[in-house]
Every structure is written in C-alpha cells, then in structure tokens.
2 protein chains.
Amino acid sequence: MESIQKSKKEIIKEKASYLFRKKGYAATSMQDIALAMDMKAASLYNHISSKQEILQELLMGIAGEFTSGMEDILSSTLDTQAKLEALVNLHVQLTLHNSDSIALITGEWVHLSEPELTQYKKQRSVYEQRFLSILSACQKEGLIAKKVNIDLALYSILSSLHWLYSWHHKHPNISKIELEHQLKMVLLNGLIS
Amino acid sequence: MESIQKSKKEIIKEKASYLFRKKGYAATSMQDIALAMDMKAASLYNHISSKQEILQELLMGIAGEFTSGMEDILSSTLDTQAKLEALVNLHVQLTLHNSDSIALITGEWVHLSEPELTQYKKQRSVYEQRFLSILSACQKEGLIAKKVNIDLALYSILSSLHWLYSWHHKHPNISKIELEHQLKMVLLNGLIS
DNA sequence: GTCTATAGGCTGATAGAC
DNA sequence: GTCTATCAGCCTATAGAC
C-alpha cells in the first residue's frame, strides 16, 4: 500500500513551482524555497540534488501529460471536430490540476539546461505538429475555411490555452464544464456572427 | 535639427530588450549587455544609471504607446465593431515595430521595482477595462452572443495578441495587412462556421 | 535529516586613472 | 567616455557536526 502522504520532495516541487511562476526561475533563490519550506537552504539538498533538477522534473512532468493526452486523442475514433474539442478539454483538465507548474510552459522552460532543453523543445514541437495536423484535417473537411492561415490559428489557440491558468487564477469559481464550453465558443466558433 | 543617429543609450536599450526577451531580465547580466555592446560592463554606467532603469524605460515606453493608441480609438467616431478591429490593428502595428521590447509585457514586467510596478499594473488594468468596455458594447449591440463570457473572451484575445511577436518572429514574411486580416478572422469571426 | 560554516563564483554598481 | 580595480552582497552547492 502506497502512502497517501506527499514526500518532502513533492512538497518542495510544489512550493518551488509557485515561486517560479510568481518571480521566475532565475529570480527565485534556494533561500526563497527554503523559507517557504521552513528550512535552511542547505537542508533542501537532502531531498533534491539541484535547483535545476526541480525545474526539470516540473516541466518534464507537464510535457509528458500533454504528450500522453495527445496520443489518447489521436488514437481515438472521435471525428475530427470532436478531436479538436477534446484538445481544448485536455488543456482545461491539465490547467485545473496543475495551475502553478503549468504556468512554467509559457516562459520558464528557457532555463532548462542541456540535454533536457533540447528534449523539451522537441517534445513541444511534436505536440504542435500533431495539433496542427488536426486543424489541417478540419480544413480539408471544410469545417475551417480554406482562406484561414492555420499556422496562425494554431498559435492563437495555444496562446489562449497556455495563459488559461492566469485567467482561472482570477476566476476560480467557474466550473470545469462551463470553462470548456466557453472556450470552445470563443476559440472555435468565434465571437462575431 | 535632431541627429538621426541613435544615442548609445538607445542602442543599449535595444540590445538589452533582445537579451531580456531571450533569457529574461533576472538571468541577463550587465556583462551580457556589455558583451553585446563591445564594451566593459562598467562603461555602461556612463549612459544608463542602472539595469532597472533600462527595464523601466522599455516597459513604460510600450505601455505609453498602448495607452495613447487606445485613447485615439476610444475618442474616434468609428462604430463599435470597427473599434474592435482597430484594436487588433494597434497590436499588430506595435508588434511589428517593437518586437523585442513588446515581448517583455508577457512576463518581464514582474521585475519592475516600485513605484513603477504599481504604475505599470494600473496602466495595464485601465487598458484592459477599456478593451472590455468595447467588447461589452459589441455584446449590447448583438454582435457578440449574450451567452459568451466576455471576460474570458478578453483574456483569450489579449493572450493571442501578446504572443503575436513570437509567431511573427518565425513567419516574418507575412504582410501587415494580411496579418491584420487573418487575426480578425481567427480572433473575431471564429474558425468553425 | 537538519543544522552551521563556508567555499568559490558571479552580481550590480562605484572610484579613479587616462 | 572607456578602462582597470574593487567592493559588498548574494548565489548554488558542499562538508561535516549532531
């Protein structure tokens, strides 16, 4: 039977992700993390091997969740439009469950050191290509007008979905189902009819 | 007659905005900036008074351009939908002319020190309220469906517009007029009809 | 597993020669 | 206006007592 207690390493990663989100990786010191843990900075090293390791585990964890979510959607028998909607749901799901660490994907990944930086960028690029392939299929089926630049549409959708955590931070009372519904209207159906 | 030459301070700000965008404010040292200028770090202080001053001037400059652009649009006699479209054009305009320093508005503003931090946040909040008031007017006129959450729509549009610089960085050959046209389709008219 | 002490390096910024 | 030299402080990380 696994313990339901969080390990101290997990708590450190939680506190660190909060600080990385608020001040950025470079501006967050081990002192800051130690203060949040009620410890001395040196004691942190009994649980983690470096500040960089914390960042790596946080980002690689999130990246893995996106990758596996994408694989489930691609291998499903959903029709093309339903796949697109399932992607929106995936981002909502991961945002509501990881709102501090998910914030790191907008900017803090640049502080990864090699070889994780290259690995992270490759994983993100594959994710974006797969997202684009779904948009492309929508366009072939006539769901998206031919004149629309789907490269730009992809970036626009991902920008909104990446920043969702910050909106949700200010509007925490909206339900998951309503958030998904509203995002599909705004991102997919458009504002002005 | 003013000189058409850029002052050394202006060149420092350009190089710094490039580095701040790429590595972040905290991870960029005066050494890094000096290297880009072919100078020793100490020599920078003949032109600027601190690293913080560079960040402040970059961010306050951009914020001022957004504020004055918004004021021109609000005081115009354009109809409501045209005002919304003019806002998209404003972001495109400022992005194409300031792509390094404009990148700082997505995250680096957190490194402003007081009192500029408070001033910046207030200015941004006023900008967002004015943007929202235009969306609200669109909704009252029936251009936007009543069921749409315009708080979420505002955040979604601004997310895309804020990250436009990074898309344009990878697709520099698109014309200004086509970029504006595509963004209005994607952000306002929607993908799926 | 936590602490104190500390190493070794980099930071932003200043002083003063030229 | 640029340089060398330098300061005082903070950084990540380690060593070793308890």
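Order of the sequence lines fixes the chain letters, A, B, ..., with proteins taken first and strands second; residue numbering starts at 1 for each chain.
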**Student:** What integer distance in Å separates A/K40:NZ from D/dA17:C1'?
**Tutor:** 17 Å
**Student:** From C-beta outward on A/K51, which listed nucleotide comes closest to its side chain: C/dT4, D/dT12, D/dC3?
**Tutor:** D/dT12
**Student:** Give the nucleotide from the list C/dT4, D/dC11, C/dG12 with an atom nearest to the side chain of A/A42.
**Tutor:** C/dT4
**Student:** Measure CG/B/L35 against P/D/dC3 and give the value in whole Å, please.
**Tutor:** 12 Å
**Student:** Relative to the ring of B/F66, is the ring of B/Y127 parallel (under 30°), tilted (30 to 60°) or perpendicular (over 60°)?
**Tutor:** perpendicular
**Student:** Between D/dT14, C/dG1, D/dG1, spot the one nearest the side chain of B/H47, thanks.
**Tutor:** D/dG1
**Student:** Once you apply a heavy-atom cut-off of 4.0 Å, does B/S43 come out as touching a base, just sugar-phosphate, or nothing?
**Tutor:** base
**Student:** For atom NZ of B/K15, decide whether the heavy atoms of other residues, nucleotides or ligands shown that lie under 6.0 angstrom number more than 12.
**Tutor:** no
**Student:** Once you round it to whole Å, what is the distance between P of C/dT6 and CE of A/M30?
**Tutor:** 21 Å
**Student:** Would you indicate what B/A41 reaches in the nucleic acid, counting non-hydrogen atoms under 4.0 angstrom: base, sugar-phosphate, or nothing?
**Tutor:** nothing
**Student:** May I have the distance from B/L44 (atom CG) to C/dG12 (atom P), rounded to whole angstrom?
**Tutor:** 10 Å
**Student:** A/Y45 side chain: which of C/dC3, D/dT14, D/dC11 is closest?
**Tutor:** D/dT14
**Student:** For A/I12 and D/dT12, what is the distance between atoms CD1 and P respectively, to the nearest whole Å?
**Tutor:** 14 Å
